[in-house]
A.B. asks: 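This structure is in structure tokens; I'll ask about it shortly.
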Number of protein chains: 2
Amino acid sequence: MSRKALPKGGRTKQKRLSPDDRRKEFVAKATEFFSEEGFGGATRDLARRLGVTQPLLYRYFPSKDDLIKEVYRTVYLEPFDTAWDRLLADRSRPLRSRLKEFYSAYTKVIFTRKWLRIYFYSGLKGLDINRWYVGMVGDTILTRIVRECWHEAGRPARGKPTAAELEMAWVFHSGIFYYGVRKYIYESPVLEDKEQMISDAVDAFLAGFQQVFAAAATQRTPEKLPV
Amino acid sequence: MSRKALPKGGRTKQKRLSPDDRRKEFVAKATEFFSEEGFGGATRDLARRLGVTQPLLYRYFPSKDDLIKEVYRTVYLEPFDTAWDRLLADRSRPLRSRLKEFYSAYTKVIFTRKWLRIYFYSGLKGLDINRWYVGMVGDTILTRIVRECWHEAGRPARGKPTAAELEMAWVFHSGIFYYGVRKYIYESPVLEDKEQMISDAVDAFLAGFQQVFAAAATQRTPEKLPV
DNA sequence: GCCCTTGTTTATCGCTTGATCACTAGTTAT
DNA sequence: ATAACTAGTGATCAAGCGATAAACAAGGGC
């Protein structure tokens, strides 16, 4: 695919973008479109939104499904930031502070109507990419968080978190995640101050995690805590 | 292909139900159907699943949308149990125990593939019924939980929970809720023992809530806790 | 100027959809 | 039996869908 060099002159007219950029433009608009209409949205409507005719889409994408696949790619892969794991693992700072900063950044990326809706549409479609995403969150972010909790509690780093520990991190993570769902999908009133929500959730999680796992020390029998 | 009438003798077949029952049967199967296919599912496919022809649906429901509305009704209204609020408010038992029992019962109802999928399909469609449901959870269940937390902490019952308190209950509630989403929508591996997940989540919530609100006593400035 | 390549539209095909109507089969009442 | 009523079907319509092919428009290099 030879990308043609852009014309030298200051072309302010947006006509005739490079094929690659035009394609990207299509995918970007398609993401917006499908996030509103669902993947059942008609290609004709999408084309109208793009200001072109419907058959043109088929010059850039072999089929509607291929277009949708590219939409997934840009939604799921693009925003993912590898710096996040470094942030969470940076033991020169207190874990509480790391967690707050991480969730502040993470939610800045995924708390958009577009992202969340695409996420659920693909989830309901039963796509592998969704399971992949969930697995990835568990294996990287949450595993890291549990590990840092161990370290904070002065316990030696074992291999992998137990299922119960990971589940607790999931409950915490999901609680924050669902704030975005309530706000951007249900458009239901939420605490306006997102940062405070995160701050409170992190504080509660750290206290709760310690209560449930650290306090009960090395071994823990279910229902051991005071009823 | 006309189906020949079966011989009358030994008719165990359930043909000719009462019109009302037949209608209910249709709605029940339609709920299953739409929960899998989404509301874009074709009426012909639904009819095939019912073992009847497609035009027959229109004898029972004026339009597809009307059928869908009835599906909502049975999904959202039927399972709701008013005894839940009494359970949460029963101060003869420790709050910890009440919460665990409530979430055990609540999740027993909504943690099904059918319920959760219909819930999200309607949520993405932007239906009022979904906002109503979210509002109802906040106004009854979560408000009640916060109030009981006050009482448990020995604080006088004020009027309505603050937005921050309610938000914290939401994060807790959503964390549990999302366990079901991960399990039944994403079909991703979760902690097998649901009761332990609930137990841990409740323990963590109670510890966390106290930490964030009770410990900080009457007034609380954001970011006051040790960073 | 010309041609060749690429971007875009017009027209259309084949199929599926929700919905309607005229008709048949099955049950009940007389 | 037979009339009357209702449950259910077959055929079909108009609209909308994804996709294709052929015609048309617009550069860019020579």
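Throughout, a chain's letter reflects where its sequence line sits, starting with A, and its residues are numbered from 1. When reading the values below, keep in mind they use all heavy atoms of this one structure, side chains included, and skip hydrogens, waters and symmetry mates.
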A.B. asks: Suppose we screen for ring pair (Phe, Tyr, Trp, His ring centres under 6.0 Å). Which residues come up paired with B/Phe34, at least two apart in sequence or across chains?
C.D. replies: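 Partners of B/Phe34 under the ring pair (Phe, Tyr, Trp, His ring centres under 6.0 Å) test: B/Phe39.
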A.B. asks: Excluding sequence neighbours, so at least two apart, what forms side-chain contact (heavy atoms from CB on, under 4.5 Å) with B/Glu101?
C.D. replies: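 With neighbours one apart ignored, the set is B/Leu87, B/Arg93.
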A.B. asks: Salt-bridged, B/Asp90 to B/Arg98, with N to O below 4.0 Å?
C.D. replies: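 A salt bridge is absent here (no side-chain N lies under 4.0 Å from a carboxylate O).
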A.B. asks: Write down the distance between CZ (B/Arg48) and P (C/dG18), rounded to a whole number of angstrom.
C.D. replies: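 Roughly 12 Å, once rounded to whole Å.
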A.B. asks: Figure out the CG/P separation between B/Leu67 and C/dT17, and round it to whole Å.
C.D. replies: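 Rounded to the whole Å, the gap is 16 Å.
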A.B. asks: Between atom CG in A/Leu46 and atom C1' in D/dG16, what is the gap in whole Å?
C.D. replies: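 So the CG-C1' distance, A/Leu46 to D/dG16, works out to 16 Å.
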A.B. asks: Could you identify which residues of residues 53-65 of chain B place a heavy atom less than 4.0 Å from some atom of DNA chain D, listed by residue number, or say none?
C.D. replies: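 Close to the strand are B/Thr53, B/Pro55, B/Leu56, B/Arg59, B/Tyr60.
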A.B. asks: If you compare every side-chain N and O of A/Arg22 against the phosphate oxygens of C/dT6 (OP1, OP2), does one of them come in below 4.0 Å?
C.D. replies: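 A/Arg22 to C/dT6 OP1/OP2: no side-chain N or O under 4.0 Å.
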A.B. asks: Kindly indicate whether the side chain of A/Arg44 and the base of D/dG18 share any N or O donor-acceptor pair separated by less than 3.5 Å?
C.D. replies: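 Donor-acceptor pair under 3.5 Å: yes.
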A.B. asks: Could you state the CG-C1' distance from B/Asp45 to C/dG18, rounded to the nearest angstrom?
C.D. replies: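 The distance from CG of B/Asp45 to C1' of C/dG18 comes to 13 Å, rounded to the nearest Å.
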A.B. asks: Partners of B/Tyr186 by ring pair (Phe, Tyr, Trp, His ring centres under 6.0 Å), sequence neighbours excluded?
C.D. replies: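 So B/Tyr186 forms a ring pair (Phe, Tyr, Trp, His ring centres under 6.0 Å) with A/Tyr119.
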A.B. asks: Side-chain donor-acceptor contacts of residues 47-55 of chain A below 3.5 Å, not counting sequence neighbours, with atom names and distances?
C.D. replies:
from	atom 1	to	atom 2	distance (Å)
A/Arg48	NH1	A/Asp45	OD1	3.2
A/Arg48	NH2	A/Asp45	OD1	3.3
A/Gln54	NE2	A/Thr43	OG1	3.2

A.B. asks: What is the nucleic acid contact for A/Gly40, judged by heavy atoms within less than 4.0 Å: base, sugar-phosphate only, or nothing?
C.D. replies: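 It contacts nothing in the nucleic acid.
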A.B. asks: With salt bridge (Lys or Arg N to Asp or Glu O under 4.0 Å) as the rule and sequence neighbours excluded, what pairs involving residues 32-42 of chain B come up?
C.D. replies: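 Every salt bridge (Lys or Arg N to Asp or Glu O under 4.0 Å) pair that includes a residue of residues 32-42 of chain B, provided the two are not neighbours, is B/Glu36-B/Arg113.
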A.B. asks: Grab the CG-P distance between A/Asp21 and C/dG7 for me, whole Å please.
C.D. replies: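 Going from CG in A/Asp21 over to P in C/dG7 covers 12 Å.
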